[in-house]
Amino acid sequence: MYRIISTDNNNLTVRIDDFNPSHTFLCGQCFRWNQEDEGTWSGVALGRFVRLKWDGELCTFFDMTEKEFIEKWVDYFDLNTDYGEIKKFSPARMNI
């Protein structure tokens with residue numbers, strides 16, 4: 001789940017629950033993403049070069065409008081899924 005915090009200077013800052021670019025980009029399901037420095041990633045997806053910075057709580061998408069984020073990237077990153085709720089019911093947490 002996500003909440004847009006600001007749209008300053010065409011940089012979009014978003015609070016995203018249960019998100020970790022390292023897990024997303026290094027899991028083998030996403031390709032063409034590179035870690036630039038601590039928390040900063042760049043990659044090509046959906047025909048566009050994207051750069052973002054993750055601080056563990058907020059994600060800043062550089063050079064991105066709110067409209068583009070909602071129309072393309074919410075689905076790409078599956079941000080409407082409540083992974084916190086899913087984790088509550090994982091087999092590891094249920095001692096199965």
Side-chain angles (χ1 to χ4, degrees):
M1 307 297 290
Y2 71 95
R3 182 168 55 103
I4 295 171
I5 304 299
S6 77
T7 57
D8 293 336
N9 299 318
N10 212 36
N11 295 327
L12 189 69
T13 302
V14 183
R15 180 180 309 279
I16 305 174
D17 299 327
D18 296 302
F19 180 72
N20 185 325
S22 294
H23 296 168
T24 301
F25 300 144
L26 300 177
C27 72
Q29 293 180 2
C30 272
F31 303 98
R32 301 186 342 173
W33 287 91
N34 300 300
Q35 188 168 17
E36 295 177 2
D37 17 338
E38 187 63 35
T40 304
W41 295 81
S42 63
V44 176
L46 303 177
R48 184 196 195 290
F49 174 77
V50 177
R51 198 164 158 265
L52 61 88
K53 181 162 182 69
W54 174 249
D55 72 3
E57 183 177 338
L58 299 176
C59 191
T60 300
F61 294 86
F62 299 100
D63 191 32
M64 185 175 296
T65 65
E66 182 175 349
K67 181 179 190 278
E68 178 188 359
F69 176 76
I70 291 169
E71 288 178 356
K72 289 184 173 184
W73 303 101
V74 167
D75 283 343
Y76 179 82
F77 289 113
D78 199 22
L79 299 180
N80 284 321
T81 299
D82 187 347
Y83 285 99
E85 192 64 26
I86 291 169
K87 288 176 186 177
K88 289 180 186 177
F89 299 100
S90 71
R93 294 196 62 153
M94 294 174 17
N95 296 319
I96 293 177

Subject >> Close side-chain approach of D18 to T81, heavy-atom, < 4.5 Å >> reply: no
**OP:** Quick one: pull up CZ in R48 and NZ in K72 and give me the separation to the nearest 0.5 Å.
**Re:** 7.5 Å
Subject >> Straight-line distance of S6 OG to E66 CD, nearest 0.5 Å >> reply: 10.0 Å
**OP:** Could you tell me the separation between the CH2 atom of W73 and the CG atom of L52, rounded to the nearest 0.5 Å?
**Re:** 9.5 Å
Original post:
Where do K53 and T40 come nearest, in terms of heavy atoms and distance?
Top reply: NZ-OG1, 3.5 Å
**OP:** Scan F77, F25, W33 and name whichever one has a ring pair (Phe, Tyr, Trp, His ring centres under 6.0 Å) with W41.
**Re:** F25
Original post:
Roughly how far, to the nearest 0.5 Å, is the SG atom of C59 from the CZ atom of R15?
Top reply: 12.0 Å
Original post:
Which heavy atom of T24 sits nearest a heavy atom of F19, and at what distance?
Top reply: OG1-CE1, 4.1 Å
Original post:
In Å and rounded to the nearest 0.5 Å, what is the CD to CG distance from E68 to N10?
Top reply: 8.5 Å
Subject >> Nearest non-hydrogen partners of R32 and V44, listed with the distance >> reply: NH2-CG1, 2.9 Å
**OP:** Could you check T13 against D8 for side-chain contact (heavy atoms from CB on, under 4.5 Å), going step by step and ending with a plain yes or no?
**Re:** CA-CA 8 Å; T13 302; D8 293 336; over 6 Å; no
**OP:** Report yes or no: do I70 and F61 belong to one cluster of Ile/Leu/Val/Met/Phe/Trp/Tyr joined by side chain heavy-atom distances under 4.5 Å?
**Re:** yes
Original post:
Does T65 reach the side chain of T7, with side-chain heavy atoms less than 4.5 Å apart?
Top reply: no
Subject >> Gap between atom CG of N80 and atom CE of M1 - 0.5 Å precision >> reply: 6.0 Å
Subject >> Ring-ring centroid check F69 Y2, cutoff 6.0 Å >> reply: yes
Subject >> Path from I4 to Y76 over hydrophobic side-chain contacts below 4.5 Å >> reply: yes
Subject >> N/O donor-acceptor pair under 3.5 Å between N9 side chain and N11 backbone >> reply: no
**OP:** Decide yes or no for V50 and M64: does some side-chain heavy atom of the first lie under 4.5 Å from some side-chain heavy atom of the second?
**Re:** yes
Original post:
If only atom types and distance count, is the side chain of D55 paired as donor or acceptor with the main-chain N or O of L58 below 3.5 Å?
Top reply: yes
Original post:
side-chain contact (heavy atoms from CB on, under 4.5 Å) between W54 and I16: does it pass, once the steps are laid out?
Top reply: CA-CA 10 Å; W54 174 249; I16 305 174; 4.3 Å; yes
